[in-house]
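Here's the structure we're looking at; comments come further down.
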There are 2 protein chains.
Amino acid sequence: MGRGRPRGFDRDEALDRAMRLFWTRGYQDTSIADLTEHLGIGSPSLYAAFGSKASLFCAAADRYQAADGGRPGAALAEAPTARAGVEALLRENVALFTKRGGPRGCLLTRATLSCPPSDTTVVAYLERSRRDRLAALRARLRTAEAAGEPLPSDDIDTLAQYYDAQVQGLAVRALEGATRPALLRTVDLTMAAWDALSAR
Amino acid sequence: MGRGRPRGFDRDEALDRAMRLFWTRGYQDTSIADLTEHLGIGSPSLYAAFGSKASLFCAAADRYQAADGGRPGAALAEAPTARAGVEALLRENVALFTKRGGPRGCLLTRATLSCPPSDTTVVAYLERSRRDRLAALRARLRTAEAAGEPLPSDDIDTLAQYYDAQVQGLAVRALEGATRPALLRTVDLTMAAWDALSAR
DNA sequence: CGGTTAATGTAGCGATCGACACAGAAAGGG
DNA sequence: CCCTTTCTGTGTCGATCGCTACATTAACCG
């Protein structure tokens with residue numbers, strides 16, 4: 001153990017910077033030259049540590065989902081009710097998508113629309129992430145249904161896809177430059193709709 | 001007039017094919033080589049007719065908005081009520097985003113997330129299109145408000161941004177592979193929310 | 001110390017990017 | 001017919017793409 005020359009940079013810090021770059025510029029528009037410059041390392045070091053641009057992206061996206069990008073999902077899971085969970089999911093996403101000094105929108109949504117289909121590694125990763133996210137939403141709604149909570153609809157699949165679409169819509173609008181208060185107002189509307197539909 | 005060697009291809013047909021390519025692959029991942037191949041013309045002909053990749057995209061996007069891509073907006077404007085207009089907007093968009101044999105999702109949304117910020121021509125074009133779309137939605141809601149129609153909220157700006165976000169969400173989900181029936185079910189939910197919020 | 005192992009910096013690989021120079025081809029005008 | 005004008009095909013430009021060969025440096029082991 002510890003044989004050979006030690007790595008001259010912090011792997012996690014490099015991943016953070018890579019995450020930020022992919023988040024800001026998308027997948028395809030982030031070049032190896034961009035990465036080596038902002039990570040402060042040469043390309044051989046990058047390839048030795050991460051293997052390829054695709055696998056570096058996957059590692060950076062993992063880090064995204066484990067850090068800031070995971071907060072909305074965690075908020076959904078931990079909330080006492082499905083309503084509180086969905087509202088927290090939406091509000092945490094707005095916070096994430098419009099954080100001051102941070103890239104706007106969602107790293108994964110952005111990558112989904114900017115990754116060439118030929119890059120099967122990244123495409124498969126993104127599909128998996130998306131499916132997991134949808135499954136978490138569905139699961140939270142199902143347990144709420146089992147607990148007898150009032151829901152806007154008894155079609156859990158549709159509900160999950162509906163709120164997932166809300167999140168994607170927020171991500172796109174944030175990237176287009178929508179302000180945080182404006183996004184929060186649409187979240188208010190979404191939650192007002194939840195109440196109006198559940199009350200019946 | 002008519003001097004010089006006549007063009008060897010149909011300009012509008014070429015624009016249609018370019019539109020289809022940009023719609024399918026996004027802006028950045030559509031190369032000049034892809035275009036010359038699918039349009040059946042050499043690159044000098046392409047540049048003579050359209051000027052650059054960016055201006056070709058703008059022309060193709062104009063054609064998109066004048067053809068299929070313009071149907072949702074037209075449906076919104078022509079509907080007798082705001083509710084019918086928004087519902088038609090959403091359903092026409094679902095039809096557009098999931099048309100058999102056609103590219104999935106929205107050409108403009110896709111380009112927004114896959115165009116490098118350095119390409120200021122395309123970025124400016126997309127911003128303008130987006131602003132126009134939002135303005136049309138706002139205008140339709142305002143006339144409805146003036147006509148005394150019941151609306152889900154009296155905040156027209158928020159309403160417009162809300163339904164615009166619905167459309168973007170549908171576009172992303174369509175690109176992710178969501179089926180037309182699934183998208184239509186979420187539209188049903190959105191319209192049920194309209195009714196529930198307007199009734200009160 | 002020397003020897004082994006691994007990370008680094010330089011430098012460049014083949015491929016592709018958007019865009020164009022150039023000469024030839026096809027039309028109208030005289 | 002020739003001249004002008006415009007479009008087309010071949011070939012290629014410099015830049016950049018993702019990626020890597022090679023020699024060097026820096027650590028641990030004995």
Side-chain angles (χ1 to χ4, degrees), chain A residues 1-15 17-18 21-22 24-61 111 114-125, chain B residues 1-15 17-18 21-22 24-61 111 114-125:
Chain A
M1 232 217 261
R3 298 257 289 223
R5 176 174 176 174
R7 180 175 287 133
F9 63 96
D10 185 278
R11 195 178 188 274
D12 284 342
E13 188 188 329
L15 264 185
R17 299 195 186 198
L21 258 187
F22 281 126
T24 302
R25 304 231 250 262
Y27 177 72
Q28 197 174 2
D29 195 38
T30 302
S31 69
I32 298 293
D34 291 332
L35 288 163
T36 57
E37 180 184 349
H38 285 82
L39 272 54
I41 63 177
S43 46
S45 301
L46 190 154
Y47 279 90
F50 303 107
S52 70
K53 182 185 173 183
S55 56
L56 169 57
F57 172 84
C58 294
S114 78
C115 169
S118 54
D119 204 323
T120 55
T121 302
V122 174
V123 168
Y125 177 91
Chain B
M1 231 216 265
R3 299 254 292 222
R5 176 174 175 173
R7 181 174 287 133
F9 61 96
D10 185 278
R11 195 178 187 274
D12 284 342
E13 187 188 331
L15 264 185
R17 299 197 187 196
L21 258 186
F22 281 125
T24 304
R25 305 231 250 260
Y27 178 71
Q28 199 174 5
D29 195 38
T30 302
S31 69
I32 298 292
D34 291 331
L35 288 163
T36 58
E37 180 184 350
H38 286 81
L39 271 54
I41 63 177
S43 48
S45 301
L46 190 155
Y47 279 91
F50 302 108
S52 70
K53 183 184 173 184
S55 56
L56 169 57
F57 172 84
C58 294
S114 77
C115 169
S118 54
D119 204 324
T120 54
T121 302
V122 174
V123 168
Y125 176 91

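Lettering follows sequence order; numbering is per chain, from 1. Small disclaimer: the values here were computed from a predicted structure and weren't measured.
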Rounded distance (Å) that lies between atom C1' of D/dC19 and atom CG of A/Asp34: 15 Å
Taking CZ from B/Arg11 and C1' from D/dC7, how many angstroms apart are they, rounded to a whole number? 14 Å
Give the rounded distance in Å between these two atoms: CG of B/Leu39 and P of D/dC7. 16 Å
Choose from C/dT8, C/dG18, D/dG9 the nucleotide whose nearest atom is closest to any side-chain atom of B/Lys53. C/dG18
I want to check one thing: is the phosphate of C/dC20, taken as OP1 and OP2, less than 4.0 Å away from some side-chain N or O of B/Tyr47? no
Between atom CG in A/Leu56 and atom P in D/dT20, what is the gap in whole Å? 14 Å
Apply the test side chain to side chain contact (heavy atoms under 4.5 Å, CB included) to residues B/Asp29 and B/Ser114: give CA-CA distance (whole Å), side-chain angles for both, the deciding distance (0.1 Å), then the verdict. CA-CA 8 Å; B/Asp29 195 38; B/Ser114 77; over 6 Å; no
note: A/Ile41, atom CD1; C/dT10, atom C1'; distance rounded to Å ~ 16 Å
Taking any heavy-atom pair under 4.0 Å as a contact, classify A/Thr36: base, sugar-phosphate, or nothing. nothing
Considering all heavy atoms, the nearest A/Thr36-A/Gly42 contact: CG2-C, 4.0 Å
Between A/Leu56 and A/Leu15, which heavy-atom pair has the shortest distance, and what is it? CD1-CD2, 3.8 Å
Return a single string for nucleotides 2-7 of chain C, one symbol per nucleotide in 5' to 3' order, where B is base contact, S is sugar-phosphate-only contact and - is none, cutoff 4.0 angstrom on heavy atoms. --SBBB
D/dT20 base to A/Ser43 side chain: any donor-acceptor pair below 3.5 Å? yes
Whole-Å gap separating P (C/dC20) and CZ (B/Phe50): 16 Å
Starting from C1' on D/dC17, measure out to OH on A/Tyr27 and report it in whole angstrom. 12 Å
What do the steps show when you test B/Phe57 against B/Thr121 for side chain to side chain contact (heavy atoms under 4.5 Å, CB included), and what is the final call? CA-CA 10 Å; B/Phe57 172 84; B/Thr121 302; over 6 Å; no
Hey, is the main chain of B/His38 close enough, under 3.5 Å, to the side chain of B/Arg17 for a donor-acceptor pair? yes
For B/Ala49 and B/Arg11 the tightest heavy-atom approach is O-NH2, 3.4 Å
Honestly, is B/Lys53 close enough over B/Tyr27, meaning NZ or CZ under 6.0 Å from the six-membered ring centre and within 45° of the axis? yes
Could you tell me the separation between the CG atom of A/Asp29 and the C1' atom of D/dA15, rounded to a whole number of Å? 15 Å
B/Ser31 side chain N/O closer than 4.0 Å to the phosphate oxygens (OP1, OP2) of C/dC17? yes
Taking for A/Gln28 and for A/Pro44 the nucleotide of DNA chain D with the nearest heavy atom, the one nearer the 5' end belongs to A/Gln28
